[in-house]
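Chain A is the first sequence line, chain B the second, and so forth, proteins listed ahead of strands; every chain is numbered from 1. For clarity, every value in this text was computed on a predicted model and none was experimentally measured. Below, all heavy atoms of this structure are taken into account, side chains as well, without hydrogens, waters or symmetry copies.
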2 protein chains.
Amino acid sequence: MKVKIVDVAKEANVSVATVSRVVNNIPLVNEETKERVLEAIKKTGYKPNAIARSLKIQRTNTLGIMIPDISNPLYTEMARGVEDICGIYNYNIILSNTDFSPDKEKESLDVLIEKQCDGIIYIGKDLTDEFQEILKNAPSEIVLGNVMDERGDLSSVLIDNESAAYDLAKRAIEKGHKNFALFTDRDGGFTSDKILKGVKKALNEADLSLDEELIIPGNINVKGGYAMMNKLLDSGKDVDIAMTMNDQVALGAIRAAEERGVKVPDDLAVTGFNDYWLSEWVNPEITTVKLPMYDIGAIAARMLIKMCEADEKESKTITCPYEIVERQSM
Amino acid sequence: MKVKIVDVAKEANVSVATVSRVVNNIPLVNEETKERVLEAIKKTGYKPNAIARSLKIQRTNTLGIMIPDISNPLYTEMARGVEDICGIYNYNIILSNTDFSPDKEKESLDVLIEKQCDGIIYIGKDLTDEFQEILKNAPSEIVLGNVMDERGDLSSVLIDNESAAYDLAKRAIEKGHKNFALFTDRDGGFTSDKILKGVKKALNEADLSLDEELIIPGNINVKGGYAMMNKLLDSGKDVDIAMTMNDQVALGAIRAAEERGVKVPDDLAVTGFNDYWLSEWVNPEITTVKLPMYDIGAIAARMLIKMCEADEKESKTITCPYEIVERQSM
DNA sequence: ATATTTCATGTAAATGTTATCATTCAAAAC
DNA sequence: GTTTTGAATGATAACATTTACATGAAATAT
């Protein structure tokens, strides 16, 4: 049988209130009795029941985190950032994979709310109007990670993907590239849109244009990159550079190119997006833009915890800096 | 103010008991009143309070998972396996990073127990006697993931790393390799020990021996691999093959070798361990052994949930199969 | 000496559920 | 017409805490 607060109270010959006081480090308890209670706790092996405690104090010290796929390197860094901050502030994390499925997202959110998470971090690649509405009405505090609430006012911490893509494209233009191909996300989404926009803007400013047929959609992973590059090469079009949405895609693309005898970067430049550790360990090393995914998670968590503790209700959006990192593939 | 069961009861003009019955899908409630209650739930926006429920029924439907580092590809797959199974059986996950720190492990465990997790999955690279004792006495059910309890009887699901290393080394010997180097974990641990043992066994059987000076310890990541290979090459010893404990290490090692003009696999073979998706996308593709990390997580979770639901207390250990996958680096 | 303050402790209500037991009421059985 | 059954519902005691309030004793002030 599990030992509870009344058991240690009996053991120490005090009331449960007193035990509760020493457990929660509330002063106003005599040093000597405190000693006795501590003794009793050790002897009985008492561990407070956080569930009962939460019910009473109406806080769980728990954050819910909705994330598309914890095993996807894109998201795992963010999760770690959240985790580390939670560790510092003594919060726990309930994890929920959503797999980009709206149904799973709704389900997850319900569960997190029912479990009385003090706050919830929503990480995804897009935010539908419908879900925005649902989040807005949630009883828990909400912060969006790497997702923008374009029509609403939910707090969020994100990256200016459009500028990042713009900068990277501009750099490419400066290097003399003129004929661009762009590998986009077949499932669309916020990030993909912004990158497309940024690239187009850079091209426009340089009086270049993007051949719509060279906007090639595919899956955002190595295989997808491999496939998209093959499609590009099959098209027979004249291209200087292929910009991708992600380093893994770039890796797959480079592989496909080299298998067909196309040298990167001499015959064709390739860029990644969202620096991944492996990108400087492959050959050629991938030129990309470094996005501080860990920081996004950490900042979002800190923000959320602040929202939970103070009732500082004003919603903020924080934009994190990125950094173009030029390596060998362009 | 949050709406609770009594609010719904008032709205629907029934007792809380009845509402609870319809929420929990207990029969014996009239179809018409059920309708009315459902209506009231929708109208009030009632969401059951899982905390209160858990307190009453003495179960949380929550699994705790202790994991060294969620952002480490080594562990992230396992986490995903756990997650998926939990999704199916309607459990939630409380995540706790331990960073290989015994102190953090103890802390984590306490928190998970206090939060009344029905079961806990411990993932690590080693199990100290002290912690084994602590786990054995924990009030929650415990399953070890990829960790062996050598002197105890805790349930676990693992891989026969020794055999895997043995098989891989044997394959190397068959290919004519004679002079082995081995890159081990500077921090030691269960996996590292077993691999060393397996390799030695294979060598012994072939009347070969392992030069103790060619057992090179280092960090288990790309940089570590890079450093260990440089150390090996600096030694000037005559070596055919370097076996590593992990694909990332192999990647770093290969890079170091090629930078020094040592061709892999022609001048020197390199093997990885624990197949990682990137290993077939780099050049040369890495020969390794594929360990079903996802499955370990999934099986551990399924086992744990079974232990929580039936009080099937007998402890089991399940060993998962591995597979040598020969690619280009050896 | 009495009144007042301060400190240490105890009592008990409240947190939002579930589940046991009791109750009601109608229909069926006698 | 009375008794029995059984289905539907309600009252309420847990579940393990925290905390506002009450109490009592000792110390201080009057």
What's the closest nucleotide to the [X] side chain, out of [options]?
X: A:K4; options: D:dT18, C:dA8, D:dA16; answer: D:dA16
X: B:R53; options: D:dT17, C:dC7, C:dT18; answer: C:dT18
X: B:V29; options: D:dA16, D:dT9, C:dT9; answer: D:dT9
X: B:I26; options: D:dT18, C:dA19, C:dG16; answer: C:dA19
X: B:L28; options: D:dG10, D:dA7, C:dT15; answer: D:dA7
X: A:S15; options: C:dG10, D:dC15, D:dA11; answer: C:dG10
X: A:V14; options: D:dT18, C:dT18, C:dG10; answer: C:dG10
X: B:T18; options: C:dT17, C:dT15, D:dT9; answer: D:dT9
X: B:K56; options: C:dG10, D:dA13, D:dT9; answer: D:dA13

Using a 3.5 Å distance criterion without hydrogens, assess whether the side chain of [X] forms a donor-acceptor pair with backbone atoms of [Y].
X: A:S155; Y: A:K316; answer: yes
X: B:T76; Y: A:I70; answer: yes
X: A:D118; Y: A:C308; answer: no
X: A:K2; Y: A:N49; answer: no

Tell me the interatomic distance from A:I51, atom CD1, to C:dA14, atom P, rounded to whole angstroms. 23 Å
5'-most contact on DNA chain D: B:V16 or A:K47, nearest heavy atom basis?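 It is B:V16, whose closest nucleotide lies nearer the 5' terminus.
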Does NZ or CZ of B:K106 fall inside the cone over B:F131's six-membered ring, less than 6.0 Å from its centre and within 45° of the axis? no
Verify the contact: side-chain N or O of [X] to OP1 or OP2 of [N], cut-off strictly under 4.0 Å; return yes or no.
X: A:S20; N: D:dT18; result: yes
X: A:Q116; N: C:dT15; result: no
X: B:N24; N: C:dT18; result: yes

Please classify the nucleic acid contact of A:T33 as base, sugar-phosphate, or nothing, using heavy-atom distances under 4.0 Å. sugar-phosphate
